[in-house]
J.: 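Got a structure for you, written out below as structure tokens; questions coming shortly.
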Amino acid sequence: MFELPPLPYAKNALEPHITANTLSFHHEKHHQTYVTNLNNLIPNTEYASLSLEEIMTKSAGASGHPAIFNNAAQVWNHTFYWNCMQANGGGTPTGPLADQITRDFGSFDAFRNDLKQAALTQFGSGWAWLVMTADGKLAITKTGNADCPLVHGQTPLLTIDVWEHAYYLDFQNRRADYAEAFLAHLVNWSFVAANFAKASSQKAA
Ligand code: MN3
């Protein structure tokens, strides 16, 4: 059985950008519901004894199991998203991650603009991502609904949840203001750098 992981910070830690009210609903209602649904769907199936990542990979695609995929991926996506944020985050990364962002996007500002555009242009519900591709390059991508780059051969490094439930209580329809607040004040670059280091070492191995 899967369990809802606790938030990695207090519910009011991301204020004033993302309020405790938003995090209460988003974590305790939305994220919890995906966990509960997944736990109701997998007993006595071929998915019952698999890890979350294995469930996602096996249930993805037209020949998979859409309901199991959607709930499993949303459990994974949300846990990842919480860790992409911190109080007093934002700003710019340093070290090898910063160097590769400059190499692959031209500049940090170009990267930042691309990620923000992905967040703004994802039509309807979904996610904007910084990923490492199969050939070790950094790229921006966006996915609809529960879809996750992990099942497309890419390694997620950073994500912005652009489902309305992520921002509507605080920003209403202003998704651009939410994306800007996320980038300016909330990104946990230490977490992103750790994901980058792990992905880089796996490519080198
Ligand atoms: Mn969400």
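Just so you know, ligand 1 is whichever comes first in the structure, and atom 1 is the first atom listed for that ligand.
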J.: Suppose the criterion is ring-ring contact (aromatic ring centres under 6.0 Å, His included): which pairs have a residue in residues 40-76, not counting sequence neighbours?
T.: W76-F80

J.: Under 2.8 Å from the Mn ion (ligand 1), which protein N, O or S atoms do you find? Ignore water molecules.
T.: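 Near the Mn ion (ligand 1), the protein supplies H26 NE2, H78 NE2, D161 OD2, H165 NE2.
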
J.: If you count the non-hydrogen atoms of other residues, nucleotides and ligands that lie under 6.0 Å from CZ in F2, is the total more than 12?
T.: yes

J.: I'd like to check the side-chain hydrogen bond (donor to acceptor under 3.5 Å, both in side chains) partners of T79; sequence neighbours left out, ordered by chain and number.
T.: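 So T79 forms a side-chain hydrogen bond (donor to acceptor under 3.5 Å, both in side chains) with H31.
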
J.: Under a 4.0 Å threshold between the charged nitrogen and the carboxylate oxygen, would E164 count as salt-bridged to R175?
T.: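 No, this pair does not count.
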
J.: Under a plain distance cut-off of 3.5 Å, with no hydrogens placed, do T36 and Q32 share a side-chain donor-acceptor pair?
T.: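 A donor-acceptor contact under 3.5 Å links the two side chains.
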
J.: For residues 186-205, which residue pairs pass the side chain to side chain donor-acceptor pair (under 3.5 Å) check, not counting sequence neighbours?
T.: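 Of all non-adjacent pairs touching residues 186-205, none passes side chain to side chain donor-acceptor pair (under 3.5 Å).
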
